[in-house]
Amino acid sequence: MKYNTFTLSNGLRVIHLPSASPVVYCGYEIAAGTRDEMPGDEGLAHFVEHVTFKGTERRSSLQILNTLERVGGDLNAFTVKEDTVYYAAILKEHLAKAVDVLTDIVFHSTYPQTEIDKEVEVICDEIESYNDSPAELIYDDFENILFEGHPLGHNILGSADRVRQFKTADALRFTRKYYTPMNSVFFAYGDVDFGNLVKLLEKQALPQPLPKGTTHPQSLPKGGRPDVISGSASNFIIREKQTHQAHVMIGNRAYDIHHPLRIPLYLLNNLLGGPGMNARLNVSLRERNGLVYTVDSSMVSYSDTGLWAVYFGCDPHDVKRCLRLVRHELDKIIEKPLTDSQLKAAKRQLKGQIGIACDNREQFALDFGKSFLHYGWEKDITSLYSQIDEVTAAQIQQVAQELMSEDRLTTLIYR
C-alpha cells in the first residue's frame with residue numbers, strides 16, 4: 001500500500017491511494033467543524049454543508065446535482081466535530097467532472113438567500129427528526145455534559161430557532177475563514193493517474209494562499225484544551241423523556257489521537273462493547289440475561305481530548321440491574337489483568353474486524369483523507385496491526401483504572 005502525495009502552490013495537499021477498482025472515491029476534507037463555531041453560531045458548520053450545494057458562480061443547484069448523477073455518480077457531504085467533507089463516487093472516466101464540481105461547490109458557492117430560505121426548513125426537519133430519536137439524541141446530550149462550556153459539546157445540528165436566523169452573510173463569513181486550500185486536503189482512492197489528478201486540480205480556480213505573516217485558520221486556538229480525565233465525583237443525571245425504553249449512557253473523557261494509551265483503549269473498547277456478538281457487555285446484558293436489544297461501547301479521539309462511553313436501551317424497570325452488570329464487567333478489567341490467551345484472542349478479533357472494514361473502500365478513503373488532513377499521516381494498516389500487537393495486559397488494566405473506575409464516570413439516563 002503506497003500513497004501518492006503532493007502539495008499545490010496554493011497550499012492544497014493531495015493524497016491518492018491506487019487500486020484496481022474502476023470506481024473512484026474522491027473529495028475535499030476541510031479542517032472546519034462544530035468546534036470551530038463562534039459562540040452563538042452553533043449549527044453553522046452543518047448549515048453551511050447543506051447550502052454549499054445550492055448554487056455557485058457557474059452552476060445552479062439543479063446543475064450541481066445533475067453533473068455527476070447523470071453519469072451514474074454520487075455526490076455527498078457530512079459535518080462532524082472537527083471537519084466537513086464533500087466527496088463523490090464515480091467511475092474513473094468521470095474523474096474530471098468530479099474534481100470540477102467538487103472544487104466549484106467548496107470554493108465558489110454563493111449561498112443565495114432564495115435557496116437558503118427553501119433549504120432551512122429541510123435542515124429544521126432533520127433537527128426535529130433527530131430530537132425524536134432518543135437513542136441518537138442521548139449521544140450528543142452526553143457529550144455536551146462531558147464537555148460543558150466547550151465547543152466540542154455542541155450538537156452538530158444546532159437548534160431550529162438559530163438555524164432559521166442564518167443568512168448568506170453567515171455562510172460566507174464561515175467559509176471565507178475556513179474553506180481555503182491550505183485548510184483542506186483532496187483525497188482520491190481508485191485507478192486514476194496521479195499526475196493527471198494533480199493537473200486537474202492545478203487547472204481549477206482555487207483561492208490563493210494567504211499573505212506571509214497572516215495567521216491561517218488551521219493554526220487558530222480551538223477554544224481551550226479540556227482535561228482528559230475529569231477527576232471529580234461521578235455525575236448521575238436522569239432526564240424525563242417519557243420514552244418507551246430507558247436509554248442509558250455511562251462514560252468519561254478519554255485520550256486524544258496522540259496519546260500512547262489510545263490503542264490500548266481501542267482494544268479494550270472492542271473487547272467490552274465492540275460489534276462482535278461475543279463482546280463482554282453484549283454477552284452479559286443480552287445473551288445471559290435477556291435485558292437489552294442493544295448494548296455497545298464507543299470511543300472518539302479528537303486532536304486534544306477524547307470520549308469513551310457505554311450505551312444501552314432497556315425496560316425502565318431493568319436500569320439498575322443493567323448498571324450493576326456493566327459495573328461488574330468494568331471492575332473485572334480494573335481488578336485483574338487479562339490472561340495471555342484472552343489478550344491474544346482480543347487482538348486477533350480486532351485485527352480481523354479492521355481487515356474486513358478496510359474492504360469498505362468508501363469509508364477507507366474518508367479515513368485516510370482525514371488522517372492526512374489533521375496529522376499528515378498516511379494511513380497504514382500494517383502499522384496499526386503492529387501497534388495492536390504491542391499492547392500489554394498491564395496497559396489494558398491501566399486504561400480501565402484511569403477511565404472506568406466508578407468515581408470517574410458520568411451516567412445519563414433518559415426514561
Side-chain angles (χ1 to χ4, degrees), residues 34-35 80-82 130 133-148 150-156 226-239 241 243 245-257 259 261-276 279-286 291-302 304-314 319-320 322-334 350 396 399-415:
T34 307
R35 72 175 298 170
V80 289
K81 294 295 176 78
E82 293 193 308
Y130 188 73
S133 177
E136 296 182 30
L137 182 63
I138 195 170
Y139 280 84
D140 272 341
D141 202 358
F142 187 76
E143 198 155 347
N144 202 26
I145 291 168
L146 289 190
F147 298 112
E148 184 177 4
H150 190 278
L152 276 177
H154 297 160
N155 185 312
I156 291 172
D227 294 332
V228 171
I229 310 297
S230 63
S232 60
S234 62
N235 296 308
F236 197 93
I237 302 160
I238 297 175
R239 294 192 172 151
K241 295 287 186 177
T243 54
Q245 266 195 321
H247 300 269
V248 181
M249 288 205 74
I250 311 156
N252 193 4
R253 294 179 184 179
Y255 306 123
D256 64 42
I257 195 76
H259 198 284
L261 290 178
R262 181 179 65 90
I263 297 300
L265 174 59
Y266 183 32
L267 181 59
L268 175 55
N269 177 71
N270 196 64
L271 175 70
L272 284 169
R280 291 190 176 193
L281 292 173
N282 188 70
V283 170
S284 177
L285 275 69
R286 176 172 174 165
L291 296 173
V292 303
Y293 175 69
T294 299
V295 56
D296 56 47
S297 62
S298 58
M299 62 172 286
V300 182
S301 292
Y302 297 116
D304 53 5
T305 188
L307 168 72
W308 174 82
V310 171
Y311 163 81
F312 64 84
C314 68
V319 169
K320 289 184 178 179
C322 288
L323 287 172
R324 285 196 298 270
L325 290 171
V326 171
R327 185 68 258 158
H328 178 66
E329 293 302 322
L330 299 182
D331 284 340
K332 284 198 296 186
I333 301 290
I334 288 172
L350 179 57
I396 295 285
V399 168
Q401 291 169 348
E402 286 188 3
L403 298 183
M404 302 172 189
S405 60
E406 190 167 11
D407 63 340
R408 293 183 184 270
L409 295 180
T410 292
T411 302
L412 172 64
I413 300 174
Y414 284 179
R415 67 179 187 186

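Here, residue 1 is the first one in the sequence, and each next residue gets the next number.
Separating the CZ atom in R327 from the OG atom in S405 is a distance of 7.0 Å, to the nearest 0.5 Å. Atom CG of residue L325 and atom CZ of residue R286 lie 15.0 Å apart, to the nearest 0.5 angstrom. Taken to the nearest 0.5 Å, the CG atom of D256 stands 10.5 Å off from the CG atom of L261. With rounding to the nearest 0.5 angstrom, the OG1 atom of T410 is 11.0 Å from the CE atom of M249. Summarising the geometry, atom CZ belonging to R262 is positioned 12.0 Å from atom CG belonging to N269; distances are rounded to the nearest 0.5 Å. Summarising the geometry, atom NE2 belonging to H328 is positioned 10.5 Å from atom CG belonging to L330; distances are rounded to the nearest 0.5 Å.
Under the 3.5 Å distance criterion, the side-chain polar atoms of R408 are left unmatched by any main-chain donor or acceptor of L403. Side-chain N or O atoms of N252 include none that pairs as donor or acceptor with a backbone N or O of L409 at under 3.5 Å. Looking only at distances, no side-chain donor or acceptor of R239 sits under 3.5 Å from a matching main-chain atom of Y414.
Ring orientation note: the planes of Y311 and Y139 are tilted relative to one another, at an angle of 30° to 60°.
For K81 against I156, the heavy-atom pair with the smallest separation is CE-CG1, 3.7 Å. Between F142 and A309, the shortest heavy-atom distance links the atoms CE2-CB, 3.9 Å. In terms of heavy atoms, L307 sits closest to L146 at CD1-CD1, 2.9 Å. Of all heavy-atom pairs between S301 and Y255, the closest is OG-O, 3.2 Å. Closest approach of N144 and G153 over heavy atoms only: OD1-O, 2.9 Å. Closest approach of P264 and I396 over heavy atoms only: O-CD1, 3.4 Å.
A 4.5 Å side-chain heavy-atom check between E329 and S284 finds at least one atom pair inside the cut-off. Contact of the I145 side chain with the L412 side chain is registered, since non-hydrogen atoms from C-beta on lie closer than 4.5 Å. Residues N270 and P275 form a side-chain contact, since some pair of their non-hydrogen atoms from C-beta on lies under 4.5 Å apart. Between V326 and V248 the shortest side-chain heavy-atom distance does not fall below 4.5 Å. A 4.5 Å side-chain heavy-atom check between L268 and W308 finds every atom pair outside the cut-off. In this structure, the side chains of K241 and I138 stay at 4.5 Å or more apart for every pair of heavy atoms. By the 4.5 Å heavy-atom criterion applied to side chains, T294 and H247 are not counted as neighbours. Taking 4.5 Å as the limit, some side-chain heavy atom of C322 sits within range of a side-chain heavy atom of V292.
For the pair D304 and R35, the salt-bridge criterion is met [side-chain N within less than 4.0 Å of a carboxylate O].
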Assess whether side-chain contact (heavy atoms from CB on, under 4.5 Å) is satisfied between I333 and L271, documenting all intermediate values.
CA-CA 10 Å; I333 301 290; L271 175 70; 4.2 Å; yes
Take L281 and F312 through the test side-chain contact (heavy atoms from CB on, under 4.5 Å) and record every step on the way to the result.
CA-CA 10 Å; L281 292 173; F312 64 84; over 6 Å; no
Would V300 and E143 count as a side-chain contact (heavy atoms from CB on, under 4.5 Å) if you check the C-alpha gap in whole Å, the side-chain angles of each, and the deciding distance to 0.1 Å?
CA-CA 11 Å; V300 182; E143 198 155 347; 5.8 Å; no
Chi angles and distances behind the side-chain contact (heavy atoms from CB on, under 4.5 Å) call for M404, L265:
CA-CA 11 Å; M404 302 172 189; L265 174 59; 4.0 Å; yes
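Side-chain N/O atoms of D140 and Y130 include a donor and acceptor closer than 3.5 Å.
For R415, the CZ atom sits in a loose shell: 12 or fewer heavy atoms of surrounding residues, nucleotides or ligands are nearer than 6.0 Å.
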